[in-house]
Participant: 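Submitted below is the structure of interest, expressed as structure tokens.
The structure displayed is predicted, hence computed values, not measured ones. For this chain, numbers begin at 1 and follow the sequence in order.
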Amino acid sequence: PDLIPQRAYDTQDAGIGGQVLVWFFISEEGRVLDKRVSKTSGHSQLDDAALEVAGVYEFTPALNRDKVVKVWVQLPITFEVR
């Protein structure tokens with residue numbers, strides 16, 4: 001499946017790129033339960049596209065000692081103009 005939302009293509013066509021810092025709340029199974037913009041790219045279209053892309057991420061579950069736990073992690077999502 002195509003992971004890049006249409007709005008990201010639209011901004012790419014317009015010559016807009018940037019990076020969005022996103023918080024991910026990860027379940028004990030490694031699925032994204034929640035996602036939020038931590039630092040905006042300065043372009044609302046890119047921020048919205050980053051949140052759409054963030055929803056399809058999958059993670060390895062986090063461990064606290066030997067117990068699987070929910071966790072917040074922060075990662076950048078970068079959109080490049082080509």
Participant: How far does OG1 of T78 sit from CD of Q19, to the nearest 0.5 angstrom?
Facilitator: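 If we round to the nearest 0.5 Å, T78:OG1 and Q19:CD are 3.5 Å apart.
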Participant: Of all heavy-atom pairs between F79 and A50, which one has the smallest distance, and what is that distance?
Facilitator: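 Distance-wise, the nearest heavy atoms are CZ-N, 3.7 Å.
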Participant: Is any side-chain heavy atom of S38 closer than 4.5 Å to a side-chain heavy atom of Q74?
Facilitator: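 Side chain of S38 against side chain of Q74, heavy atoms only: contact under 4.5 Å found.
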Participant: Using only atom types and a distance under 3.5 Å, with no angle test, would you say the side chain of D34 pairs donor to acceptor with the backbone of F24?
Facilitator: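 No; zero donor-acceptor contacts below 3.5 Å.
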Participant: Hey, does T40 have a side-chain heavy atom less than 4.5 Å from the side chain of V20?
Facilitator: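 In short, these two side chains do not touch, never coming nearer than 4.5 Å.
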Participant: Determine, using the 4.5 Å side-chain heavy-atom cutoff (strictly less than), whether V73 and V32 are members of one ILVMFWY cluster.
Facilitator: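 V73 and V32: one cluster.
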Participant: Under 4.5 Å between side-chain heavy atoms, chaining through other members, with only Ile, Leu, Val, Met, Phe, Trp and Tyr counted: pull out the rest of the cluster around W72, sorted by chain and number.
Facilitator: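 Under the 4.5 Å side-chain rule, W72 groups with W23, F25, L33.
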Participant: Same hydrophobic cluster for I77 and L21, using side-chain heavy-atom links shorter than 4.5 Å among ILVMFWY?
Facilitator: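 Different hydrophobic clusters.
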Participant: Would you tabulate the side-chain donor-acceptor contacts of residues 54-64 under 3.5 Å, counting partners in other chains and residues two or more places apart, or write 'none'?
Facilitator:
none

Participant: Walk me through whether V22 and L75 qualify under side chain to side chain contact (heavy atoms under 4.5 Å, CB included).
Facilitator: CA-CA 5 Å; V22 177; L75 297 170; 5.9 Å; no
